[in-house]
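For clarity, every value in this text was computed on a predicted model and none was experimentally measured. Below, chain A is the first sequence line, B the second, and so on; all start at residue 1.
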Amino acid sequence: MITIRDLHKRYRRTEALLGVDLTIPTGKVSAFLGPNGSGKTTTIKCAMNLITQDSGSVEVLGVTPSKLKPEHWQRIGYVSENQRLPDWFTVPQFLDYVRPMYGSHWDRDFEKKMLADFELPLKTKLRSLSRGQRMKAALLSSLAYRPQLVVLDEPFAGLDPLVRDEFLSGLLELTETEGWTVWISSHDMEEVERFADRVAIIDHGKVHLEDDMAAIQERFRSVELVFPVEPVKPALMPEDWVDFRITGRSARFTATNYDESRISTELHGLFPSLIRHEASAMNLREIFISLAKEYRSKREVKA
Amino acid sequence: MKTLAAVMKAEFRRAMPFLPWIAVTQAMTYGAHTRWAMEFSAQMIALIEWLSGSLAALVAVRSLWWDAPLRRTRFLATKPMPILPLIAGKGLGLSLMLVAPFGIVEALVHWNLGIRGESLMLGILQMTLLHLVALAVLFPVVWWWRGLASAIFGVALAAAVVIVSATLVARQPGNLNPYSGTPNSLPFSLLFIFVSLCLLLGLCSLALPLLRKWHRTRFAMFAVLSAFSFYAGLRIATRPPEPDETVYPELVNLIPEQSIVGLKRFETLTASVAGGLAGRDFATSWTYSKLKLDDRSLTLMTPIPGDNWSVNGMGFLLRETLAKRFGGGFLLNQLEPDDVRPALSVVDDGTCSGPGRSIDLELLETRYRWDVTVDLSLKEGAESSFDGSRCRIDKVTNGNGFGRSKLKGDIVGGVQVSFVMSDVWIDMLWNRKKTYDPPSSGVAMLVDPSTGKAEGLQMIRMSGFTGAVQRVYYSLMRPSYGDIRLENEGLNWSHDLRLVVMQPRMVGRVAHAWKSPGKVRFAPIESRQSPPAIPVAPSGVDIVKWVGLHPVPSREAGAEEVKKWFDEFLPLMKSLDKPNTDHNIPTEADNAMAEFVKNHPDVAVLAVRAWWDFPWFVHDSISRNLPRDVITRFPELATNGFIQSCFRNQGWTADLADAACDKARSGQTWAVDSILLSVPEKVGLSEEEWLDYFRMRRAVDVYNALADKVVPRARMDAEVDLILESHQTHAGIKPSSAIFELATARGSESVPRWLKEDFQRDIERKSPDFLSLARRLDACFNMPDMDLPENSVEAMKVKTTWFLGVDPSSFVFNPAIRKYQLRPTP
């Protein structure tokens, strides 16, 4: 649905994207994770033709973003926390304005359902709504026509937990029943973990990890090591061990490509005094933090 | 369609908070043009109109900026909004909300003021179209930018350049109001602003690297289209009015002068042609419609701080119009005399002089008559209608005026007049015969028919675009008004005055086209700056010894050597010029000077006026020693006044005839007038050319010089008759002295009457000039024998008393003696 290759973008002196490669497969929910300033929003804006890349290629629905026509936009739902809405409208007026652009694609029943679910006030101007309510209005206006591609840039900002839960449930349902493709950038790891089929992690303008959620959960393990005395960090370690830390007589690292049969041999080879080791599954938040720390330490070393 | 409707509905919803304010400002605009608002000043009404315009502009800009396609942060950037429904919806919505109210208010204003029919429809069309154009311009102006900073920069730059360009266009001769000479710019400038904006936005977009990078083809197309539209707009904005006929005068007068405007030195080319016999039937105004020097147009974008408009005969015609209506003669103050010659100047930066230039010019003469459109007794409530317009006298006061401070000599009294006139110009766009004719181009007067006096009123034009309510305030009769001479002593306020308004009506345009026969070489008349003094000679240098040591440069000597010699010699000669002493010029010095004049007469002649303290004995030496072949050697010196006087003194004027002929044909008769008039039979001009020369000068000395010498007297008389016919006036109006003298030379029957009326007027003013009258009587009248006293003053009184006692119709012109005499009794 979206293919991004070697995407570069510079804002004056700041290199925002340093060759992003990313694929958003059809019919899946792809999460786009990264710390603040890592390049998530810039990448999405390039894909949505809101900014122009310096080099590289982007294809959305088979065309470059600058060639996206109204008929393409009728199949794309884009919502961003930074999106400016015509705030002189009330919600019904806003929907009256947007509805004709989508013609027969617009689903009035779905609109009514979402309107009821989101409990939006109908007589208040958008400018007077809370941040969360404005986001709900934006989501409503971008989903009511059942788009094939949903691009959500930090959509949960300001949403209360109940609505967020309902929204995500609905989104998942639609994804499954209608085959929607969802590309969502977020900081909310727990939520993303619940529904994302794929995850891509970007840091400092480069995508470091891109894989299916199940594969990631399968691959990543937190490994704890116990020693009789405080160990010494070996000079050379397998490349898929990241975020290695020693605390007294124990040590901990993240194995990014965990293999039970292989790791025991590697551990005893590097640490002959190892008393025991224990591998535990990681949630997405832990994986993200672990990777983020590793990238930061690598940058520090490099610097 | 649904999208278009949604966009329109969105526009209304967006503008909803402003709509009440738009309604308020439009209501204020309407109110400002009702009788209720008569006390509003023009500035106040302009302010209200600008307020409503600005509010509409604010709403439009806000709407357009929100959805500007090049702004990627706009809401619609990720929505399936096709551009056409967006433009159409916005255009329709904004037109209905913002433009339509202007048209409706215009209709209401016209209706309320009683203006109906075509004027009403044209007024609505004009107002609607004007604001539609403004809205159409706003689309590219606001939509072209990606960011606010570049928008502010680009629009400000565009606005600045457009204002300058529009000012230049407005000053083009073709865009001048034929009645007033003021820029007649509105419709043309609007068009020009539109195309200029397109071009400027194209240029400003160069500052947008993204645009250049991604839309190269689009930009190239835009630039080409902009250039074409700019050119087309410029052509239309600067096109001259269409003449009814084109005439080709044989001779013209072109006077190049150097002048300084600000810190810059300019050369001004003033042109005049024969024609413009303004008088009884019509007044004329003049503009350049074309002036090309070496195929380079000077009328297109040349700044013209000089006078490129002149009017002829307006005051005369106003008097005639009044005299025809009320009988008798009228004295008008605040009006120029009628003998203004059609002379137009255009300024260029140093291209008039230098090498020879070919000249191609066309002067446009606009002829118009003055019609009395209002004639009301000065009573409150008096009202009259004309051409769909109305005039009403609202208030007349005899006591304190309208709050102005009173000065010595003021006659306290006031009148408030309201005019209702339609100020429509839109039909100029398709009717090139039409001229911009604002109501303010009329002249309002208070007339006292019993005394034949009239006082001009100031007509105040209401500002703004809407149908105008004209108002006149006149609180005090003031005997002096700026620099304007007051012939009468003011009106007697207690008399039965009448309010008279006269307005110009164009009756035709004539183009006068002329091309120089070849390259014309000008020597511009220098601006009046004090020439320098001759430097002081070094002390202790004896001129005789110096001359012995420094032989006079030969004819073949180089210019530098000649100049050096003369620059050293002249101060030595000057040192001989001492006050209260005899000028004993050493023979050696005198001989050296004589030899120098013979070898280098051009240097000597040009030096005469280069120094303010040029010694008279050197001047004398030059005139005595000037070689006769100087003109053969230096033909351009033929226009030099000193040479001409020297040749006249020597009796060689005929030698200059050929050069004078060439100069006359190249448009420089002014430089060779004395030659033309001295030896006309030697100058090879044709009879038609001589007649054009006379038509340009229209003076008695020309008449006398040409009649029966190069032009048969009958033809000259016919020309004079034409002039006099256009100046035949009613009793009490004094003609100009040039007309008087021509009439005398021709033997016009009006001359005795003019002379008598003029003198009687002087007596009424208690400033009779007996001497002047007596001289004229002696010159033009064959007085009967009478006993004149010895005392010349007494004799003068006897003559004038006799003349005043005779009925002017008793005189008849005797062609044999070319004087008037008493008609023989049958």
Open item on the list: I'd like to know which of Pro80(B), Pro17(B), Ala6(B) tops the heavy-atom pair count under 4.5 Å against chain A.
Closed with: Pro80(B)
Open item on the list: Out of Leu50(A), Val98(A), Asp96(A), return the one with the most heavy atom pairs under 4.5 angstrom to chain B.
Closed with: Leu50(A)
- [ ] Output the option from Val151(A), Ile76(A), Ile51(A), Asp87(A) having the highest count of non-hydrogen pairs under 4.5 Å with chain B.
- [x] Ile51(A)
Open item on the list: Heavy-atom cut-off 4.5 Å, strictly under: side chain, backbone, both or neither for Gln83(A) against chain B?
Closed with: side chain
- [ ] Could you check which of Ser80(A), Pro86(A), Gly103(A) has the highest count of heavy-atom pairs closer than 4.5 Å to chain B?
- [x] Pro86(A)
- [ ] Look at Glu59(A) together with Arg5(A) and state whether they make a salt bridge at an N to O cut-off of under 4.0 Å.
- [x] no
- [ ] Search all heavy atoms of Leu152(A) against all heavy atoms of Ile44(A) and return the closest pair with its distance.
- [x] O-CD1, 4.5 Å
Task: For the student: nearest non-hydrogen atoms of Met1(A) and Thr26(A), plus distance - done: N-OG1, 3.6 Å
- [ ] Examine whether an atom of Leu4(B) lies under 4.5 Å from a heavy atom of chain A, and if so say whether it belongs to the side chain, the backbone or both; otherwise answer neither.
- [x] neither
Open item on the list: Would you say NZ of Lys9(B) has more than 12 non-hydrogen atoms from neighbouring residues, nucleotides or ligands within 6.0 angstrom?
Closed with: no
Task: Over 12 foreign heavy atoms within 6.0 Å of CG, Leu84(B) - done: no
Task: Within 6.0 angstrom of Arg84(A) CZ, more than 12 heavy atoms from elsewhere - done: no
- [ ] Quick one: which of Ser142(A), Pro70(A), Gly77(A) has the most heavy-atom pairs under 4.5 Å with chain B, could you say?
- [x] Pro70(A)
TODO: Give the member of Lys2(B), Met16(B), Arg13(B) that has the highest number of heavy-atom pairs under 4.5 Å with chain A.
DONE: Arg13(B)
